[in-house]
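Only a predicted model underlies this, so the values are computations on that prediction, with no experimental measurement involved. Note that these values count all heavy atoms, side chains included, but never hydrogens, waters or copies made by symmetry.
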Protein chains: 2
Amino acid sequence: MTSPVTPHDTLTRKLADEGMRFTRQREVVYEAVLNQRDHPTADEVYARVRSDVAGISLATVYNTLETLVQCNLVKQVNFERESTRYCPNLKEHAHFYDTQTGRIYDVDLNNGLVEQLRENLPEGFEAAQIEINYRGRTA
Amino acid sequence: MTSPVTPHDTLTRKLADEGMRFTRQREVVYEAVLNQRDHPTADEVYARVRSDVAGISLATVYNTLETLVQCNLVKQVNFERESTRYCPNLKEHAHFYDTQTGRIYDVDLNNGLVEQLRENLPEGFEAAQIEINYRGRTA
DNA sequence: CTAGGTGCAAAAGGTTTGCGGTTAA
DNA sequence: TTAACCGCAAACCTTTTGCACCTAG
């Protein structure tokens, strides 16, 4: 039987791919985003990991999150000019911002929707990424 | 024959609707966004209007742009955490960010696309706005 | 051993605000 | 006349950076 691929393994491998080292800080920050998939800000991640790594600094959290983005382990999510949030969902998906609570939800995209959006572009425009952000309220 | 509705008229009326005054600063800032529809930042607007209103301040430009947003004369456009840009196109449309030049283009939306995006939402999610941002390059 | 990573504090950018003087209505 | 507005400078908030020390490989 094959053993499951742990976040630890994934992290180590992706870091190595980029010629970067495995550190405790990176492990803990990655898990903070991965375990609670609630799109935390850097500040929120900082609050979560302070108990795990005594003395970790906010700057390190910012730098580490940036590292995880480079390694394609998390993605940045921005709404207006609010603090950047971090999302470990790597599938193509949209975000829904609940204007009542400030919470952000992942929204799967129906078949063909992304293709239709791409076809919507005029001649000569080639989109590498398409970002879809809903804002509204939940029942 | 009816005379055309000038930006001046529109501005005066929309300001009055909100109980706000017409001022030279507001007129000039509005025209700076309206005439060159290139999604300027506050800084860029500031650069444009300094020759029109001697002594206008950057803070006033920021405050004025915020006023125009409240009056529904322009909309804010954000890409990542770059400076907020201002768009006088009030029709529902998407934005294309050219990663080569940093320029932003308005993109009209095909019939039914917005409806499909709205239908894509799960039960209980009610979107007030849907934002579509393309990033890529132009031929 | 040593290139890369971390913590700290300071700096950088973008935007907002408090206040005294000015102005549209 | 007077509430709203403006210019200025200082404050604010998020994020980045320089540097001395530390550590994974």
Side-chain angles (χ1 to χ4, degrees), chain A residues 8-9 11-30 32-33 39-47 49-71 73-86 102, chain B residues 8-9 11-30 32-33 39-47 49-71 74 76-86 102:
Chain A
H8 180 109
D9 295 340
L11 177 57
T12 306
R13 181 167 44 78
K14 290 272 198 166
L15 283 168
D17 286 353
E18 306 284 320
M20 304 177 116
R21 293 180 185 167
F22 177 92
T23 68
R24 175 91 181 117
Q25 287 86 341
R26 287 170 179 175
E27 177 179 38
V28 165
V29 166
Y30 181 42
V33 178
H39 307 87
T41 63
D43 247 341
E44 287 164 355
V45 171
Y46 181 48
V49 300
R50 265 144 76 80
S51 49
D52 301 317
V53 182
I56 193 172
S57 73
L58 178 57
T60 294
V61 171
Y62 270 107
N63 292 333
T64 300
L65 288 167
E66 178 57 33
T67 299
L68 297 179
V69 169
Q70 280 172 235
C71 292
L73 290 166
V74 305
K75 290 192 301 191
Q76 297 186 314
V77 182
N78 287 285
F79 272 88
E80 331 271 280
R81 298 205 92 251
E82 288 183 8
S83 294
T84 299
R85 295 173 173 280
Y86 296 86
Chain B
H8 180 108
D9 295 340
L11 177 56
T12 307
R13 181 168 45 77
K14 291 271 197 167
L15 284 169
D17 287 352
E18 306 283 319
M20 304 176 115
R21 293 180 183 166
F22 177 91
T23 68
R24 175 92 181 113
Q25 287 87 341
R26 286 170 179 174
E27 177 180 38
V28 165
V29 167
Y30 182 42
V33 178
H39 308 87
T41 62
D43 249 341
E44 288 163 355
V45 171
Y46 181 48
V49 300
R50 267 146 75 81
S51 50
D52 302 316
V53 182
I56 192 171
S57 73
L58 178 57
T60 293
V61 171
Y62 270 107
N63 292 333
T64 300
L65 287 167
E66 177 57 34
T67 298
L68 297 179
V69 169
Q70 280 173 232
C71 292
V74 305
Q76 296 185 315
V77 182
N78 287 286
F79 271 87
E80 330 270 281
R81 300 205 93 252
E82 288 184 7
S83 295
T84 298
R85 296 174 171 280
Y86 297 86

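Residues V33(B) and L65(B) approach most closely at CG2-CD2, 3.9 Å, considering heavy atoms. The minimum heavy-atom distance between V69(A) and Q76(A), with the atom names listed, is CG2-CG, 3.7 Å.
Residues L15(B) and T67(B) meet the side-chain proximity criterion, which asks for heavy atoms closer than 4.5 Å. Using a 4.5 Å heavy-atom threshold, the side chains of F22(B) and H8(B) count as touching. For the pair L68(A) and L11(A), the minimum side-chain heavy-atom distance is below 4.5 Å. The shortest side-chain heavy-atom distance between E66(B) and Y62(B) does not fall under the 4.5 Å cut-off.
Following rounding to the nearest Å, R24(A) (CZ) and dG7(C) (C1') show an atom-to-atom distance of 17 Å. Whole-Å rounding puts the N63(B) CG to dA10(D) P distance at 18 Å. Between E44(A) atom CD and dC13(D) atom C1' there is a gap of 15 Å when expressed in whole angstrom units. Atom CG of L58(B) and atom P of dG7(D) are 11 Å apart (whole Å). Summarising the geometry, the separation between CD on E80(B) and C1' on dT15(D) is reported as 14 Å, rounded to the nearest angstrom. Rounded to a whole Å, the CD atom of E82(A) is 13 Å from the P atom of dT16(C). Spacing between atom CG of L65(A) and atom P of dT6(C) amounts to 12 Å, rounded to whole angstrom units. The distance between atom CG of L15(A) and atom C1' of dG4(C), rounded to the nearest whole Å, is 12 Å.
Within a 6.0 Å sphere centred on CZ of R81(A), heavy atoms belonging to other residues, nucleotides or ligands number more than 12.
If you check every strand for non-hydrogen atoms under 4.0 Å, T60(A) touches a base. Residue G55(A) is classed as a sugar-phosphate contact, given heavy-atom separations below 4.0 Å to backbone atoms only. Within 4.0 Å of Q25(B), counting heavy atoms only, lie sugar-phosphate atoms of the nucleic acid but no base atom. Using a 4.0 Å heavy-atom cutoff across all strands shown, E66(B) reaches no nucleic acid atom at all.
Nearest to the side chain of R21(A), among dC6(D), dA24(D), dT15(C), sits dA24(D). Of the candidate nucleotides dG5(C), dT15(C), dT14(D), dT14(D) has the atom lying nearest to any side-chain atom of Y62(A). For R81(A), counting side-chain heavy atoms from C-beta on, the closest listed nucleotide (dC6(D), dG14(C), dG7(C)) is dG14(C). In the set dT14(D), dC8(C), dT15(C), dT14(D) carries the atom at the smallest distance from any side-chain atom of S83(A). You'll find that the side chain of R26(B) is closest to dC5(D), out of dC8(C), dT6(C), dC5(D).
Overall, the helix from dC1(C)-dG25(D) to dA25(C)-dT1(D) carries an axis bend of 40° between its ends, with five pairs at each end and the value rounded to 10°.
With the nearest nucleotide of DNA chain C identified for both T84(B) and M20(B), T84(B) has the one nearer the 5' end. Residues T64(B) and A42(A) each lie close to DNA chain D; by heavy-atom proximity, the contact nearer the 5' end of the strand is made by T64(B).
The phosphate of dC6(D) (OP1 or OP2) has a side-chain N or O of T23(B) nearer than 4.0 angstrom.
In this structure, R26(B) fails the cation-pi test against Y30(B), since its NZ or CZ atom is not both closer than 6.0 Å to the six-membered ring centre and inside 45 degrees of the ring normal.
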